[in-house]
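Accompanying notes for the structure given below.
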Amino acid sequence: MQLPANLSPISESALLSLADTDSLSHWPESRIDELRYVAGLSKFVVSVLQQDEQLRSDLPTMLCEPSRAQGYRDRLADSLKECTDETTGQRVLRQFRNREMVYIAWRDFLGSWELEESLEHLSQLAEAMIFETYQWQYQACCALWGTPSNAQGEAQPMLIIGMGKLGGGELNFSSDIDLIFTYPENGETVGTRRSIANAQFFTRLGQRIIKALDQPTFDGFCYRVDMRLRPFGDSGPLVMSYAALEDYYQEQGRDWERYAMIKARVMGREMYPEYQELRQMLRPFVFRRYIDFSAIQSLRRMKSMISSEVRRRGLSNNIKLGAGGIREIEFIAQVFQLIRGGREPSLRKRGLLETLDAIQELELLGVSDTHNLRDAYKFLRRLENILQALADKQTQTLPEGETEQQQLATAMNYESWEALWQNVQNHMQRVHQVFTQLIGDDEEESSDVAKHYHELWDMARDKGVVEHILEQDIQVSQPGQMAEQIIQFKADLAKKTLGPRGREVLTRLMPKIFSAVFAHPDAEFGLSRVLHLLHKIVTRTTYLELLDEHPAALVQLVRLCTASPMISEQLGRFPILLDELIDPQQLYNPIPLEAYRTELRDFLARIPEDDMEQQMEALRQFKQISILRIAAADIAGVLPVMKVSDHLTYLAEAIVESVVNQAWLQMKEKYGEPTHLGERDGKGFAVIGYGKVGGWELGYNSDLDIVFMHDCPVHINTDGKKEIDGRQFYLKLAQRIIHIFSTRTASGILYEVDTRLRPSGISGLLVSPADAFSQYQNEDAWTWEHQALVRARMIYGDGLLQAAFAEIRHQVLTLERDSETLKRDVVNMRTKMRDHLGGKKAGRFMLKQDPGGITDIEFLAQYLVLNYSHDKPKLTRWSDNVRIFETMIAQGIMDERQAMEVTAAYTSMRDQIHHRNLLNLDADLTEEKFIEERALVVSAWQQWLE
């Protein structure tokens with residue numbers, strides 16, 4: 001228990017800070033020696049001792065106790081009984097937590113107990129804090145709102161389910177706590193003058209518990225509480241009944257929720273009988289009755305996600321997420337639990353070490369493998385706890401500073417950091433070996449790359465040799481130009497700081513790149529684009545390694561870059577997208593249309609909801625990943641143009657919903673909610689999509705034309721700590737939404753947002769009250785604004801506003817109009833638009849603006865809807881042009897042949913624009929293209945509008 005010389009000054013300084021009190025005078029000399037040792041290692045312990053005089057007095061006695069876990073709940077319950085207000089209760093909780101954590105840290109640093117005892121104390125302390133906070137707040141809430149009861153009048157408890165390491169009884173020192181709240185039955189409270197629904201009672205109770213544990217005060221906080229593992233994540237209710245929970249997991253539960261539910265455990269031993277009913281309900285979801293080998297594929301995908309996360313965040317020295325880290329040991333245990341847990345009861349236990357025991361007894365892994373996993377887990381978990389106890393910080397990344405490295409090595413009983421680091425690597429290598437054998441490694445590298453591709457890279461300084469290889473061995477048609485590109489690329493690399501590791505990877509990778517590029521028939525386009533991309537990412541060695549280690553990813557990279565400069569530019573700007581190339585099956589299968597919302601929710605679930613910067617970055621990354629997959633499927637011919645637009649539109653709608661929810665959370669935190677909402681299931685706010693998003697016709701580069709609407713009456717305020725006018729709240733909400741969309745982060749902006757189609761344009765209100773919107777459309781709107789309304793639909797909003805907008809739109813579109821006046825207005829607007837958006841290129845057909853182009857077709861559809869809807873109201877149903885023309889046929893307005901021909905012209909022109917977007921080309925073609933289609937459109941225009 002000797003400190004190294006360079007840590008002694010830290011210890012002496014800490015002791016001096018405590019020496020001005022006489023509270024250490026009664027400490028035995030042996031405890032003073034321990035204090036001297038611990039003070040040189042842990043800022044956290046010293047800080048708590050400095051602030052807590054009572055702890056300085058009590059600690060020697062506490063340290064004489066071999067275990068304190070059994071008394072946590074009783075001691076904390078006694079202290080909370082004395083609390084008459086929230087502030088006092090929060091102080092009691094935080095002081096109790098800090099005192100007990102000092103006891104745990106002390107014993108960890110001295111190595112005076114086994115890892116299992118440390119984890120047990122950490123887990124039981126958290127459980128005591130959670131459950132006694134629940135007991136305290138439950139009583140307080142019952143006094144305010146009555147006791148929640150079922151139809152039979154039986155009092156209803158709220159069950160708090162601990163997930164992850166908390167549920168498994170293996171919590172780490174500075175961990176978040178993952179919780180799910182649930183209650184048995186719906187009903188109402190009894191015992192007070194005004195009853196409320198059980199759901200409302202438990203939501204308020206849950207919010208108070210989270211605040212009591214999570215909110216930072218002068219005394220710090222107890223635990224970061226994470227509720228994102230609950231059904232529907234952040235967008236779901238905070239508390240759900242048993243029945244709602246069961247419905248969710250049976251109908252919508254995902255693989256990762258199965259993994260999470262393995263460790264689920266109810267807090268509070270007296271709740272165990274109540275929990276058995278729920279556990280029986282959930283068991284079929286977690287443990288399949290049959291041997292479930294599908295879990296292997298799910299875990300392979302999760303392995304890929306881990307690798308992506310390690311690359312994304314540079315976590316090479318992370319003992320949790322790095323290769324061979326704690327997470328991989330957990331995955332190994334979970335794969336056996338998920339595959340065989342339905343048949344083997346011994347595999348249904350929550351703790352990892354006991355699961356490893358069961359795996360060994362069942363001979364599912366070799367004895368040496370299970371021993372290696374067990375030893376590595378104990379070693380890494382002890383290292384993790386000590387690492388976090390240095391300063392009570394939530395980290396699993398090994399320190400880079402010499403002092404912290406020395407502290408960690410000393411606490412782990414190593415003479416030097418190098419010796420500790422070597423042992424860390426040994427353990428993690430053994431774990432990763434088992435992980436790779438069990439979960440399956442990535443695709444084996446194909447046969448040796450041909451010798452001439454190696455020579456091409458090795459000799460990329462001699463133009464004559466390179467040209468000879470290209471012409472004779474590879475047989476390309478333009479060897480001179482390609483030779484220059486290769487030689488210039490290698491010369492540019494000499495100016496970059498690559499390091500030996502990067503150059504070694506490039507030496508292996510470049511022949512594979514050449515092999516993939518020259519195997520493609522359009523290598524003349526692919527080579528320059530792939531080399532340009534590599535030039536952008538070449539200093540990011542982890543991405544070079546990704547391409548080197550995943551031949552399938554390399555093939556997809558070449559295929560996509562050769563087909564589309566747009567994609568190659570995206571990959572160069574945002575190399576994180578390269579991770580998407582690993583699994584071609586997933587790459588060429590875009591997210592199902594109905595799944596964009598849930599996929600985005602899951603994607604955001606890994607980021608704290610209060611970390612706005614990371615949330616905004618993640619939204620942009622999700623959009624880029626999704627568009628990459630849509631474009632890949634488009635290039636492969638898997639998606640026709642209509643489906644491409646559908647995917648781009650559903651993606652935009654999911655992002656709009658997420659942005660609104662993020663903005664709402666920020667506004668609610670600051671101002672509360674407008675009081676007119678009451679118990680209403682919604683926000684009283686809507687986003688109306690116009691133009692391409694309104695017509696399900698988004699392209700790769702489309703802006704979002706949107707208008708905001710609310711239904712807040714005048715003289716309504718918000719109910720937050722900072723009260724403001726309700727309509728002002730919605731204005732600020734819209735401004736916040738636009739900010740989230742348009743702020744430029746490392747991944748660019750989210751979407752260009754245009755709100756000029758709102759009533760009165762840029763001079764009008766940013767958010768329109770529903771009644772004002774209706775009045776404007778009926779009394780003041782121009783014909784072109786009614787044309788725009790044809791292509792408008794609500795893309796976000798609750799049921800009340802959805803119905804209100806639909807009614808306004810239908811009523812406005814079905815107004816009877818003078819046909820000649822309408823015709824004149826539409827033609828004039830079309831002429832004005834063509835003049836304003838001029839720029840005609842000689843000898844080129846402008847797909848959008850030229851006569852017979854896309855805009856003529858759109859105006860024709862709008863004219864027909866406005867002219868005939870008063871007599872044929874079904875024409876107002878759809879906002880997209882294709883279905884508008886289908887309805888024209890059904891309603892007998894347009895000849896079927898003409899409508900089908902115009903529709904075919906429209907979709908083929910849009911398809912051309914999509915593909916020109918992928919090639920970064922403008923929307924114009926040589927004049928001999930689309931001659932027949934343009935003639936048909938011009939003929940229809942003349943028939944109906946001239």
Side-chain angles (χ1 to χ4, degrees), residues 525 529 532-533 560-561 563-574 577 580 590-591 596 616 619-636 639-656 659 689-706 738 740-757 788 791 795 833 836-837 839 841 844-850 853-855 857-858 880-881 906-925:
F525 303 113
R529 291 171 192 166
H532 181 71
L533 165 63
L560 293 173
C561 287
S564 170
M566 182 196 88
I567 292 181
S568 65
E569 285 179 16
Q570 283 288 94
L571 292 170
R573 277 206 301 271
F574 312 115
L577 294 172
E580 299 303 307
I591 295 165
Y596 277 103
M616 288 167 67
L619 278 170
R620 286 151 177 77
Q621 288 178 2
F622 180 81
K623 180 192 173 190
Q624 289 158 6
I625 289 167
S626 300
I627 286 182
L628 176 66
R629 290 170 65 177
I630 295 166
D634 188 1
I635 288 167
L639 290 180
V641 60
M642 300 290 289
K643 291 296 182 185
V644 170
S645 288
D646 284 350
H647 277 274
L648 292 169
T649 303
Y650 276 74
L651 167 63
E653 289 181 23
I655 290 174
V656 166
V659 168
Y690 278 77
K692 287 188 173 63
V693 70
W696 284 283
E697 293 164 1
L698 279 181
Y700 290 110
N701 303 321
S702 296
D703 301 347
L704 294 186
D705 292 303
I706 53 178
I738 292 171
I740 294 173
F741 270 116
S742 56
T743 298
R744 189 170 293 280
T745 73
S747 293
I749 63 166
L750 193 50
Y751 282 99
E752 293 280 2
V753 172
D754 191 338
T755 60
R756 289 175 296 176
L757 286 174
R791 302 239 295 160
I795 59 174
M833 180 184 285
H836 178 67
L837 298 172
K841 298 180 184 177
R844 307 290 289 177
F845 166 52
M846 315 300 283
L847 279 157
K848 290 183 180 177
Q849 294 300 333
D850 276 357
I854 284 177
T855 308
I857 300 171
E858 292 173 343
D880 64 288
N881 292 309
Y906 181 66
T907 55
S908 58
M909 288 182 200
R910 278 183 53 210
D911 194 25
Q912 190 66 229
I913 287 179
H914 276 311
H915 288 128
R916 294 187 74 77
N917 282 342
L918 288 172
L919 294 168
N920 277 355
L921 297 173
D922 292 336
D924 60 85
L925 301 166

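- Under the side chain to side chain contact (heavy atoms under 4.5 Å, CB included) test applied with Tyr751, the options Val659, Asp703, Ile706, Ile655 reduce to a single match, Ile655.
- The line from CZ of Arg844 to CG of Leu925 is 6.5 Å long, rounded to the nearest 0.5 Å.
- Side-chain atoms of Arg620 and Thr743, non-hydrogen and from C-beta on, do get closer than 4.5 Å to each other.
- Using a 4.5 Å heavy-atom threshold, the side chains of His914 and Leu648 count as touching.
- With rounding to the nearest 0.5 angstrom, the CG atom of Leu651 is 7.5 Å from the CD1 atom of Ile591.
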What verdict does the side chain to side chain contact (heavy atoms under 4.5 Å, CB included) test give for Leu704 and Ile795, after you've listed the backbone C-alpha separation in whole Å, the side-chain angles of each residue and the deciding distance to 0.1 Å?
CA-CA 11 Å; Leu704 294 186; Ile795 59 174; 5.9 Å; no
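- Listed here is the closest heavy atom pair of Pro565 and Ala563: CD-O, 4.2 Å.
- Using a distance-only test at 3.5 Å, with no hydrogens or angles considered, a donor-acceptor pair links the side chain of Gln624 to the main chain of Ser747.
- In this structure, Met566 and Asn920 approach most closely via the heavy-atom pair CB-OD1, 3.4 Å.
- Within the 4.5 Å cutoff, no side-chain heavy atoms of Glu569 are placed close to those of His532.
- Other residues, nucleotides and ligands contribute only 12 or fewer heavy atoms inside 6.0 Å of the OH atom of Tyr650.
- Across every non-hydrogen atom of Ala788 and Leu757, the tightest pair is CB-CD2, 4.3 Å.
- Under the rule for a salt bridge (charged side-chain N to carboxylate O under 4.0 Å, His left out), Asp705 has no partner lying at least two apart in sequence or in another chain.
- Crowding of Lys692 atom NZ: a count of heavy atoms from other residues, nucleotides or ligands under 6.0 Å not exceeding 12.
- Taking every heavy atom of both residues into account, Asp880 and Gly695 meet most closely at CB-O, 3.0 Å.
- Within the 4.5 Å cutoff, the side chain of Ser564 has heavy atoms near those of the Ile635 side chain.
- Annotation: the span from Met616 atom CE to Leu750 atom CG amounts to 8.5 Å, rounded to 0.5 Å.
- Arg529 contributes no side-chain N or O that, together with a main-chain N or O of Ser568, makes up a donor-acceptor pair within less than 3.5 Å.
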Take Glu697 and Arg791 through the side chain to side chain contact (heavy atoms under 4.5 Å, CB included) test and state the conclusion after the steps.
CA-CA 10 Å; Glu697 293 164 1; Arg791 302 239 295 160; 2.2 Å; yes
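- To the nearest 0.5 Å, atom CD1 of residue Ile625 and atom CD of residue Gln570 are 11.5 Å apart.
- For the atom pair CD of Glu858 and OH of Tyr906, the computed distance is 4.5 Å after rounding to the nearest 0.5 Å.
- Distance alone, capped at 3.5 Å, is enough to place a donor-acceptor pair between the Asp754 side chain and the Arg756 backbone.
- For residues 626-636, the pairs satisfying side chain to side chain donor-acceptor pair (under 3.5 Å) are Asp634-Tyr700, Asp634-His915, with sequence neighbours left out.
- At least one side-chain heavy atom of Tyr596 sits less than 4.5 Å from a side-chain heavy atom of His647.
- One distance of note links CD1 of Ile854 with NZ of Lys848; it measures 7.0 Å at 0.5 Å rounding.
- You'll find the side chain of Leu571 reaches within 4.5 Å of the side chain of Leu628, heavy atoms only.
- With Ser645 contributing its side chain and Leu698 its backbone, the two residues share a donor-acceptor pair below 3.5 Å.
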